[in-house]
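Step one of this worksheet: look at the structure below.
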Amino acid sequence: MRISSTHRPFRYELTVPGDKSISHRSIMFGALANGDTQITGFLKSADCLSTMACFRALGVEIEDAGDIITVHGKGLHGLSAPQKVLDAGNSGTTTRLMSGILAAQDFASTLTGDASIQKRPMKRVIEPLTAMGADITSEKGNGCAPLLIRGRKLHDIEWTSPVASAQVKSCILLAALCSGCAASVTEPALSRDHSERMLLTFGADIRSTKNPDGTFTSAIAPAHDFTSPGKIVVPGDISSAAYFLAAAMMIPGSEILVKNVGINPTRAGILTVLERMGADISAENANVSGEPCADLRLKHTELTVPGCDENGDLVIGGEIIPALIDELPMIAVLATKLPCRTIIKDAAELKVKESDRIAVMTENLKKMGADIEGTADGFVINGPTRLHGAEIDPHLDHRIAMSLAVAALAAEGETVIRDADCVNISYPEFYRELMELL
Ligand code: S3P
């Protein structure tokens with residue numbers, strides 16, 4: 001994919017595709033429920049289609065009628081043994097959440113994924129599941145997929161996770177749900193709470209609390225009944241919206257309106273950071289009937305960075321990190337345009353995403369002329385710098401490709417993005433929409 005710079009201001013309005021995290025969960029929870037679930041706004045990207053294929057392989061009937069997906073729920077004990085290895089593709093959410101579900105079934109299965117998935121750490125789910133009595137092993141003994149899972153009834157657990165991870169938390173909650181036992185998961189900061197919100201709408205008894213020491217606990221009681229609410233409406237994905245908000249931040253005179261975006265506070269850290277950079281951003285038509293959502297309008301302004309500390313640095317770290325973890329590649333690009341130093345810290349998790357995002361962003365932004373250094377848990381970026389076109393290798397990581405495609409709009413000359421179609425993981429229409437800005 002070749003992308004040329006643009007200096008022409010744009011005014012553009014768009015709707016981004018459905019939220020990836022919520023789309024995965026809508027299939028999973030719908031499959032485990034009694035009754036049918038009609039999903040609107042479902043994200044038909046490679047990751048969510050992997051989840052769909054896995055559940056079909058477990059005997060769940062899922063109808064795709066274009067705008068509406070209908071999952072015919074099997075109930076908590078209705079999945080059947082798959083006839084083949086389950087393939088999660090590139091999806092960490094599929095792999096980790098399904099591990100919890102499969103560990104509690106009365107059949108054995110093998111779960112794997114692509115080369116990236118086979119390198120990502122699964123010990124973080126193997127350990128708590130084993131502590132619940134599960135029989136789950138890494139086939140190669142390296143703590144990664146393929147995972148051999150011999151399902152069985154699990155028992156109660158109180159687990160403290162060293163990382164704030166919604167995937168780990170949801171894996172344990174789903175394992176407990178399927179085994180009819182109780183579980184509590186304590187994490188150092190609050191990770192996205194889509195599972196907890198959706199579990200509530202299906203009638204589960206789940207509570208989340210902030211503890212006096214600043215940690216967070218989500219606890220589920222043994223489930224007797226798990227019934228579909230009938231309909232799930234998936235809002236637009238704030239992680240996809242972030243690329244377009246950032247584009248308007250970077251091109252003077254521009255204005256963007258992204259409609260119907262999920263602004264769940266456990267996901268919306270990007271909005272706080274954009275404000276700290278000096279963005280003129282507003283949320284309109286806020287709607288809180290399901291997951292909170294709103295239309296987001298951003299008008300380009302000079303980036304004055306009112307959120308700098310007393311040293312003049314913009315520091316992004318601490319408990320906001322889980323609420324913007326997937327947006328950090330885009331934030332790193334924006335930081336190259338700020339008249340200050342940006343320090344991104346407490347984000348070592350970036351190393352174990354679809355790629356090592358610290359290494360891959362540093363390598364590629366350097367090629368574009370940025371003053372950036374990767375650290376053990378983030379980046380240090382000195383701005384402002386003029387970016388120039390370069391040949392980008394996103395290492396098959398969708399979020400790196402999209403972040404650098406936006407950087408390319410504001411860079412001098414032409415940028416070539418290798419393996420550009422990796423964006424299909426979360427946003428198949430991304431380039432078509434981006435080209436509308438030119
Ligand atoms: C996700 C949780 C996050 C996020 C990922 C999707 C989810 O991962 O990075 O893209 O749907 O639960 P962790 O929870 O492992 O940080």
Side-chain angles (χ1 to χ4, degrees), residues 14-80 86 88-89 91 93-94 97-98 100-101 166 170 173-174 177-178 192-206 220 223-241 259-264 267 285-295 426-429:
L14 79 160
T15 306
V16 287
D19 186 278
K20 182 155 81 70
S21 293
I22 300 174
S23 293
H24 282 297
R25 288 161 171 79
S26 66
I27 296 284
M28 295 181 185
F29 292 38
L32 294 172
N34 293 316
D36 293 348
T37 305
Q38 283 196 346
I39 310 165
T40 49
F42 180 79
L43 171 66
K44 289 188 193 171
S45 74
D47 264 12
C48 300
L49 294 178
S50 294
T51 291
M52 213 190 238
C54 286
F55 277 90
R56 283 185 170 140
L58 292 165
V60 181
E61 197 192 327
I62 303 172
E63 284 172 66
D64 178 353
D67 289 347
I68 300 182
I69 304 287
T70 305
V71 183
H72 297 285
K74 288 281 188 182
L76 287 175
H77 308 291
L79 299 181
S80 38
L86 296 167
S91 173
T93 305
T94 311
L97 272 60
M98 287 201 66
I101 295 170
S170 304
L173 296 175
L174 281 165
L177 178 75
C178 292
R192 63 191 65 190
D193 66 357
H194 303 303
S195 292
E196 292 94 313
R197 286 172 187 257
M198 204 180 281
L199 280 165
L200 274 179
T201 67
F202 280 71
D205 179 354
I206 173 135
I220 188 167
H224 305 293
D225 182 38
F226 194 61
T227 304
S228 171
K231 288 191 166 55
I232 293 178
V233 180
V234 182
D237 197 322
I238 193 168
S239 299
S240 299
K259 300 191 82 173
N260 188 36
V261 183
I263 52 164
N264 177 324
R267 288 289 297 286
N285 298 319
N287 175 349
V288 284
S289 57
E291 284 262 354
C293 56
D295 300 340
S426 64
Y427 198 164
E429 296 294 308

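For the single chain, residues carry numbers from 1 onward in sequence order. Note that these values count all heavy atoms, side chains included, but never hydrogens, waters or copies made by symmetry.
- For the salt bridge (Lys or Arg N to Asp or Glu O under 4.0 Å) condition, no pair includes a residue of residues 49-61, sequence neighbours left out.
- With 3.5 Å as the limit, one finds a donor-acceptor pair spanning the side chains of Thr51 and Thr94.
- Asp225 and Thr227 share a donor-acceptor pair across their side chains, judged by distance under 3.5 Å alone.
- In terms of heavy atoms, Ser228 sits closest to Ala33 at N-CB, 3.7 Å.
- For Pro17 against Tyr427, the heavy-atom pair with the smallest separation is CD-CE2, 3.3 Å.
- The distance from atom SG of Cys48 to atom CG of Leu43, rounded to the nearest 0.5 Å, is 4.0 Å.
- With hydrogens and angles ignored, the 3.5 Å screen pairs a side-chain donor or acceptor of Asp295 with a backbone N or O of Asn260.
- Between Phe226 and Phe202, the two ring planes are parallel [angle under 30°; tilted spans 30° to 60°].
- If you check the side chains of Arg267 and Ser239, you find a donor sitting under 3.5 Å from an acceptor.
- Summarising the geometry of Ser26 relative to Ile232, their closest heavy-atom pair is CB-CD1, 3.8 Å, with the distance given to 0.1 Å.
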Only pairs under 3.5 Å count here: list side-chain donor-acceptor contacts from residues 64-71, not counting sequence neighbours, and write none if there are none.
unit_1 : atom_1 : unit_2 : atom_2 : d
Asp64  : OD1    : Lys44  : NZ     : 2.8
Asp64  : OD1    : Gly66  : N      : 3.0
Asp64  : OD2    : Lys44  : NZ     : 3.2

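- Judged as a salt bridge (charged side-chain N to carboxylate O under 4.0 Å, His left out), and not counting sequence neighbours, Arg25 has no contacts.
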